[in-house]
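One structure is given below, encoded as structure tokens.
Read the numbers this way: they start at 1 and go in the same order the structure lists the ligands and their atoms.
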Amino acid sequence: MNITVNVSSTPQELGSHAAAAIAKLLNDAIKAQGYARLVLSTGASQFETLDALVKEQVEWEKIEMFHLDEYVALPESHIASFRKYLKERFVSRVPLKAAYFVNGEGNVEKNIAELTTKLRENPIDVGVIGIGENGHIAFNDPPADFETNTAYKIVTLDERCRKQQVGEGWFENVGAVPKQAITMCVKQIMSCRHIITAAPHDVKAEAICNTITKPVDPTVPATILKTHPDWQLFIDDASASRLFAN
Ligand SMILES: N[C@@H]1[C@@H](O)[C@H](O)[C@@H](COP(=O)(O)O)O[C@@H]1O
């Protein structure tokens with residue numbers, strides 16, 4: 001078990017530190033095996049990290065990118081679509097070898113099966129795994145399922161998670177947020193060789209405090225990350241504020 005916590009003053013500083021750490025791990029993997037496989041999160045908390053990551057020196061043509069989670073039946077043209085998010089904020093900005101998305105439209109079971117086959121061809125080197133305001137990782141809301149062995153599954157989103165999406169401006173009201181999503185499962189996330197978490201902003205202060213101070217338990221899904229052999233957590237003064245208050 002190896003946990004590193006890095007506290008920055010601002011989200012921008014956090015983004016550049018997290019991006020440098022991700023780039024180093026990707027470059028180490030390329031050196032060792034000639035390629036690297038990356039899983040990316042989405043959400044407002046990842047903006048600064050992705051903006052900095054696309055500027056890093058990485059042989060992007062040796063990188064395969066996978067996607068963590070997506071709403072069921074939300075068109076890719078919707079502003080909240082995570083496929084749209086990743087295409088605009090990452091895939092269009094670096095010349096990747098390949099990008100594999102979670103597609104929540106059409107035959108979802110078939111989409112999951114095809115993506116799982118691709119994902120499981122080789123281990124994932126770096127998982128960039130955000131933490132939600134309710135402590136979720138991907139769309140594994142509390143109480144999270146730590147046991148499922150499939151790569152992805154369909155979940156029903158909890159109320160707090162759906163409200164957070166409205167708070168971030170992705171939807172006009174809670175009724176407009178899809179009730180279901182496809183998420184990478186916790187065990188699959190934990191199988192990433194290295195995990196990097198970027199969690200800035202005061203809205204994450206409670207989740208960060210719970211993750212660090214509470215025992216590993218499904219009621220705070222992100223606590224499982226503390227059992228990973230190599231987890232680097234990047235927070236800022238705002239998201240760390242409850243830690244210092246304790
Ligand atoms: N489903 C996404 C995840 O991919 C992300 O890691 C996490 C944190 O994102 P946010 O910045 O929206 O809090 O939750 C979101 O809902």
Side-chain angles (χ1 to χ4, degrees), residues 11-12 14-15 18 22 38-51 53 65-72 74 78-91 99-104 115 119 124 126-142 144 151-171 174 176-186 188-190 192 195-211 220-225 228 231-236 238-239:
Q12 287 68 30
L14 180 156
I22 296 164
L38 169 71
V39 169
L40 286 183
S41 288
T42 52
S45 58
Q46 308 305 300
F47 288 168
E48 295 84 4
T49 298
L50 290 180
D51 276 347
L53 185 57
M65 187 217 81
F66 288 86
H67 173 190
L68 197 61
D69 51 9
E70 179 61 288
Y71 298 104
V72 169
L74 190 74
H78 193 287
I79 58 152
S81 159
F82 293 144
R83 285 166 289 161
K84 178 180 166 69
Y85 175 115
L86 283 175
K87 285 179 186 176
E88 289 178 358
R89 292 179 179 276
F90 189 69
V91 176
Y100 301 98
F101 297 96
V102 181
N103 182 0
L115 182 60
L119 180 78
I124 295 294
V126 185
V128 181
I129 309 298
I131 296 178
E133 289 173 31
N134 63 358
H136 75 195
I137 49 174
F139 269 137
N140 298 284
D141 287 329
Y152 289 93
K153 66 173 185 170
I154 297 171
V155 290
T156 299
L157 299 174
D158 82 3
E159 190 71 5
R160 180 157 183 199
C161 172
R162 294 172 71 230
K163 278 188 184 149
Q164 179 192 326
Q165 308 307 328
V166 178
E168 287 185 11
W170 303 109
F171 297 93
V174 179
V177 183
K179 291 193 171 67
Q180 287 193 309
I182 302 164
T183 185
M184 187 178 282
C185 296
V186 171
Q188 180 70 41
I189 291 172
M190 291 296 285
C192 296
I195 294 183
I196 300 231
T197 295
H201 307 304
D202 57 359
V203 289
K204 295 293 162 72
E206 181 193 358
I208 292 303
C209 181
N210 288 340
T211 299
V220 185
T223 55
I224 191 84
L225 297 172
H228 190 275
W231 180 42
Q232 297 184 53
L233 172 64
F234 293 83
I235 51 183
D236 65 356
S239 62

Practice item. Compare every heavy atom of Met190 with every heavy atom of Ile224, then report the nearest pair and how far apart it is. Key: O-CE, 3.2 Å
Practice item. Measure the shortest side-chain to side-chain distance between Leu225 and Thr211 over non-hydrogen atoms and say whether it is less than 4.5 angstrom. Key: no
In a simple table, one pair per line, please give the protein and ligand 1 atom names for every N or O pair closer than 3.5 Å, along with the distance.
| unit_1 | atom_1 | unit_2 | atom_2 | d |
| --- | --- | --- | --- | --- |
| ligand 1 | 1 (N) | Asp69 | OD1 | 3.4 |
| ligand 1 | 1 (N) | Asp69 | OD2 | 2.6 |
| ligand 1 | 4 (O) | Thr42 | N | 3.3 |
| ligand 1 | 4 (O) | Thr42 | OG1 | 3.4 |
| ligand 1 | 4 (O) | Asp69 | OD1 | 3.0 |
| ligand 1 | 4 (O) | Asp69 | OD2 | 3.2 |
| ligand 1 | 6 (O) | Ser41 | OG | 3.2 |
| ligand 1 | 6 (O) | Gly130 | N | 3.4 |
| ligand 1 | 11 (O) | Ala44 | N | 3.2 |
| ligand 1 | 11 (O) | Ser45 | N | 2.8 |
| ligand 1 | 11 (O) | Ser45 | OG | 2.5 |
| ligand 1 | 12 (O) | Gln164 | NE2 | 3.1 |
| ligand 1 | 12 (O) | Glu168 | OE1 | 3.0 |
| ligand 1 | 12 (O) | Glu168 | OE2 | 2.8 |
| ligand 1 | 13 (O) | Gln164 | NE2 | 2.5 |
| ligand 1 | 13 (O) | Glu168 | OE2 | 3.3 |
| ligand 1 | 13 (O) | Lys204 | NZ | 2.6 |
| ligand 1 | 14 (O) | His136 | NE2 | 2.6 |
| ligand 1 | 16 (O) | His136 | NE2 | 3.4 |
| ligand 1 | 16 (O) | Gln165 | NE2 | 3.2 |

Review point. Are Phe139 and Tyr71 near enough that their ring centres are under 6.0 Å apart?
Key: yes
Check your understanding: Which pair of non-hydrogen atoms, one from Arg83 and one from Val102, has the smallest distance, and what is that distance?
Key -> CD-O, 3.3 Å
Report all side-chain donor-acceptor pairs from residues 40-51 shorter than 3.5 Å, counting only partners two or more places apart or in another chain.
| unit_1 | atom_1 | unit_2 | atom_2 | d |
| --- | --- | --- | --- | --- |
| Ser41 | OG | Val128 | O | 2.6 |
| Ser41 | OG | Gly130 | N | 2.9 |
| Gln46 | NE2 | Ala198 | O | 3.1 |
| Asp51 | OD1 | Arg93 | NH1 | 3.0 |

Check your understanding: So which heavy atom on Gly132 is nearest to which on Ala207, and how close?
Key -> O-CB, 3.4 Å
